[in-house]
Amino acid sequence: MENQVKNHQAHSLADLKAAGKYFADSYDVIVVGAGHAGCEAALAAAKLGFKTALFTLHIDALANMPCNPNIGGTAKGQLVREIDALGGVMGLMADRSTIQFRMLNRSKGPAVLSPRAQQDRWQYQKDMRHLLERTPGLSLIQNEVTDLVWREEEGVQYIEGVVSVLGTVYPAQRVILATGTFLRSKVIIGESIREEGPDGLAPAKHLSFSLQALGLELKRFKTGTPGRFHARSLNYDHMEVQSADPDPQPFSFVNEEKADWKPLANLNCYLTYTSADSKKIIQDNIDRSPLYSGLVEGIGPRYCPSFEDKVVKFPNRDHHHVFLEPCGLESQEVYASGMSSSMPEDVQRQVMHSVPGMENAEFMRFAYAIDYDLLDAQDLELSLEVKSVKGLYGAGQILGSSGYEEAAGTGLIAGINACRSLEGKKPVVLDRSQAYIGVLIDDLVTKGTNEPYRMMTSRAEYRLVLRQDNADQRLTPLGREIGLISDDRWAAFQAKQARIDGERQRLESTRLSPKNPKVQAFFQGKGYGLPEGGLSLADLLKRPEVNYQDLLVLDPDRPRICYPSQAVAGEAFLSPVDCYNVQVQIKYQGYIKLEEDRIQRFHKLEKRLIPEDFDYEQLKGLRLEARQKLSKLRPRSVGQAARISGISPADASILLLAVSQREQGQKTSSDLEAQA
C-alpha cells in the first residue's frame, strides 16, 4: 500500500512540464465521474460560463441507475424539487422518463408529502447524454483519472489539474471528485470477489492512492443491490398491484405549469412478501454470507439492509416486503426492491424461488454487494471544498452519501461553488432551514457518517417549511442570483408567486356574513355551529374538514382555475398548483409561524461566526474531546459547532460566550481607534 501511494505522489504542473509529460487542453473546471453528482456539477459549471470537462470511465454508462430504477421517494423527492428550483436538471430528466408516478405519504400531511417516479433507466441515460453533448463549453471525455496534480506554497496545497491513465496531463483551476462507488471497488457475491464497479463495469484502481498521497484519510463503505428478473417468469396473479397515481405530477417546476405534460407511461408495480421458507434458507446458509464471514470490508447502510441482514436483525419476522419494479419500456427486466443480497448464486436462487409469485423467476442479474473507498466528509468545508487542498471539491458517494438524489444535490452545490471561487465570490452554503440539501451537507460535513447516509424527512428539523411544493419559493431566487435560472423561467416564477400572494390576500379579506343563506347551508352541511360574527374565507379554510374546492359555493368571484397556457390574456386565473399552495399556506399558517420562530432562534447561532484563527486550545472550560474536535473540524459558526458529535450543550455555551467576548473586544478596539 505504501509503495502504491508513493507511486501516485503527483507533482505540480511545473514538475510535469519539466519531465516532458504530454499536456492536453486546460479547463476551468474538471469533474471526475459522470454519475448523478458529476452530471449536475459539470452542467452547472458549463451553464455558468466556465470551460468544463467531464471525465467518465464509461461514456455509455453516464447517469446510470445501477440500483433502484426510480427517482424521488420520501425526503428524496424534496431533494429533486430543490435541485430543480436551483436550476439543476435531475427533475427535468426524470419527467422525460417517468413510467409510474406516486405521491408518497398523502395521508400524513404536506410536511412529508414526497413525489416518487419509476424511471425508464435507459431513457434517462439517453436524455442526459443528449443534454451533456449539446451543452456549450462542456467536453465529455472517456478516460480514467489516476492522479491529481497540485502544488504546495507555504504549507498550503493547491489543485492544478489531473493526470489520465494514458499519462496525459489536463490542467484545471478547479477539480470536483464525483467518483461514486468506483474507487478501488470490489463486487462480492458469496465467495466470489472481483475488482469491478456497479453493473460489472471496470473500477477506478488508482485515484485512491493519489488522494492518500495528498494526506487525505480514506474510509471504506459497502452498498448493494438486488437481483433482476425476466418479467415473463413472474406470476403477478399472486402479488398485490401497486398502481400509478391517477394524477401524475412532474418533478420540475417548469413542467408543472404545462397542461400537456404527461409521463411516458403509467405502468404497474407489484408487491409480494418473503416466506418462512425464505427465512430458513438464509438461516441455514448464514455461514456463507460475506457480510458475516468477514469478506466484506466496508460498512453497509443501516436503512437499506440486505435480506440476510434483515433475517439476522429481525429474527421474529417471517415476512418482508418485495417490490417488483419495471426497469424500462423496452426491456423485460424487473427489479426486486427490498431483496439486496451478497449471498452465493445458489442461495439467491433458493431464496427468490421461495417468494410467492417468483417460484419460477429467471435471473437476469444476480444481487451483489460492493465495497469502495471514500473521503471523510468532515475533511470538507460546507462549500464542499476539501479543507487541506484549495480548489478540490467532493460530491456524491465519495462523501459518504447514498442515493441518486443526494448525489445530484451535492454535485450541483459543488459545481456552483467551484465556479464562484473562480469568480472570487462567497460560496453558496444552504443552511438547515433553507433546504433538505442544506441538511444533507451539514449532516455529512459537521456530524460525519459511519455508514452510507440516506436522507429522511426525520433528519430535517423544519420540514413543514421545507415542503416539496414550495421548493421554488425557497430557492429559485437564489438560483436566479447564481445564474442558473433563465429569464423566461424567472418571469414565470414571479407570475406564479404574484398569483399565490394575491389569492391568499383575497381569501383573507373576503368576509362571510352568517346571515347569508349559502353560508348557513354550508355550516349546516358540515355540522358546524353558525358563528355569531362574520369570518373570512381564509378563516373557514383553516378548518380541518374544509378544502379550497369546498369554498367554491361561497366564493363565486374566485379566479378561473386553469394552466397558464389556457388562460386568456388579461384574465385572472390560478393554476391547480397555485390552489394547493394557497391552501397549505393558510391551513398551516399557525404551525408555519411557530416553525419560523424556531428558525429565527436557529439563525442567531448560525450568524455567530467563529474567527478562522480561533484558538480552541486556549479556551478554558472546554472538555478535551471538545477542544480536539473543534480544532480539527474548524466549524464556521457557533450553531455548526453545537451540532458536532461529542460537543455538549455546556461546550457550546462556553464557546458562544468566548466568541461574544471576542466580538465585543474587537468592537471596543474599533471605537477607541475611531475616537483617536
Side-chain angles (χ1 to χ4, degrees), residues 36 58 60-73 93-102 116-130 187 189 196-201 224-245 248 262-275 278 306-307 320-368 370 404:
H36 301 281
H58 317 278
D60 295 324
L62 61 82
N64 188 25
M65 296 183 183
C67 194
N68 53 307
N70 62 65
I71 296 291
M93 296 297 101
D95 288 348
R96 294 171 62 93
S97 51
T98 292
I99 55 177
Q100 188 205 62
F101 176 86
R102 297 183 72 190
R116 180 186 186 275
Q118 202 70 28
Q119 298 288 295
D120 184 320
R121 58 178 292 194
W122 296 281
Q123 184 66 45
Y124 188 97
Q125 287 183 278
K126 177 183 175 182
D127 290 337
M128 185 66 81
R129 179 169 177 172
H130 184 276
V187 165
I189 302 177
E196 282 184 0
D199 279 343
L201 300 171
T225 188
R228 272 72 157 183
F229 306 89
H230 200 296
R232 69 186 174 201
S233 66
L234 305 177
N235 187 347
Y236 293 126
D237 292 339
H238 292 177
M239 303 180 189
E240 299 174 26
V241 177
Q242 300 280 297
S243 57
D245 284 357
K262 62 179 181 180
L264 277 178
N266 291 297
L267 302 185
N268 288 333
C269 294
Y270 295 86
L271 170 64
T272 183
Y273 300 85
T274 61
S275 64
S278 312
S306 64
F307 178 58
H320 295 273
H321 291 91
V322 183
F323 294 94
L324 282 304
E325 304 173 346
C327 290
L329 294 180
E330 297 183 3
S331 171
Q332 292 297 298
E333 195 171 357
V334 177
Y335 174 88
S337 179
M339 293 300 288
S340 173
S341 179
S342 60
M343 295 295 283
E345 176 184 337
D346 61 305
V347 178
Q348 288 192 39
R349 289 184 183 276
Q350 292 178 58
V351 168
M352 298 313 300
H353 291 164
S354 69
V355 175
M358 301 188 71
E359 293 86 354
N360 300 305
E362 297 177 20
F363 277 83
M364 294 182 72
R365 309 188 201 210
F366 290 98
Y368 62 83
I370 183 168
Y404 313 140

Going from [atom1] on [X] to [atom2] on [Y], what distance comes out if it is rounded to the nearest 0.5 angstrom?
X      : Y      : atom1 : atom2 : value
Asp95  : Ile71  : CG    : CD1   : 10.5 Å
Ser233 : Met352 : OG    : CE    : 10.0 Å
Met343 : Gln350 : CE    : CD    : 9.0 Å
Asn68  : Tyr404 : CG    : OH    : 4.5 Å
Met93  : Arg129 : CE    : CZ    : 15.0 Å
Trp122 : Cys327 : CH2   : SG    : 5.0 Å

Could you pull out the closest heavy-atom pair between [X] and [Y], with the gap in Å?
X      : Y      : result
Arg228 : Met65  : NH2-O, 4.3 Å
Phe229 : Leu234 : CB-CD2, 4.3 Å
Gly357 : Met239 : O-CE, 3.5 Å
Ala231 : Tyr236 : CB-OH, 4.0 Å
Val355 : Ser278 : CG2-OG, 4.1 Å
Pro226 : Ser340 : CG-N, 3.6 Å

Any side-chain heavy-atom pair of [X] and [Y] under 4.5 Å:
X      : Y      : value
Asn235 : Asn360 : no
Phe101 : Lys262 : no
Gln118 : Pro69  : yes
Leu267 : Leu329 : yes
Val351 : Ser341 : no

Side chain of [X], backbone of [Y]: donor and acceptor closer than 3.5 Å?
X      : Y      : answer
Tyr335 : Thr225 : no
Arg365 : Phe363 : no
Thr98  : Ala117 : no
His36  : Asn64  : yes
Ser337 : Phe323 : no
Gln125 : Gln123 : no
Gln348 : Ala367 : yes

Test side-chain contact (heavy atoms from CB on, under 4.5 Å) on Met358 and His238 and set out the steps. CA-CA 9 Å; Met358 301 188 71; His238 292 177; over 6 Å; no
Would you mind checking if Asp120 and Lys126 are paired as a salt bridge, meaning a charged N to carboxylate O distance below 4.0 Å?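 Not counted as a salt bridge, because no side-chain N and carboxylate O are separated by less than 4.0 Å.
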Let's go through Asn268 and Tyr270 carefully: what are the C-alpha distance in whole Å and the side-chain angles of both, what is the deciding distance for side-chain contact (heavy atoms from CB on, under 4.5 Å) to 0.1 Å, and is it a yes or a no? CA-CA 7 Å; Asn268 288 333; Tyr270 295 86; 3.8 Å; yes
Looking at residues at least two apart in the chain, or sitting in another chain, which of them share a salt bridge (Lys or Arg N to Asp or Glu O under 4.0 Å) with Arg116?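 Arg116 satisfies salt bridge (Lys or Arg N to Asp or Glu O under 4.0 Å) with Glu325 once adjacent residues are dropped.
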Would you sort out whether Gln100 and Asn70 count as a side-chain contact (heavy atoms from CB on, under 4.5 Å), showing the intermediate values? CA-CA 9 Å; Gln100 188 205 62; Asn70 62 65; over 6 Å; no
Answer yes or no: does atom NE2 of His353 have more than 12 heavy-atom neighbours from other residues, nucleotides or ligands under 6.0 Å?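 More than 12 within 6.0 Å, yes.
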Which of parallel (below 30°), tilted (30 to 60°) and perpendicular (above 60°) describes Phe307 and His320?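 Phe307 and His320: perpendicular rings.
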Please name all residues satisfying side-chain contact (heavy atoms from CB on, under 4.5 Å) with Glu196, sequence neighbours left out, ordered by chain then number.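 By the side-chain contact (heavy atoms from CB on, under 4.5 Å) rule, Glu196 matches Val187, Arg194.
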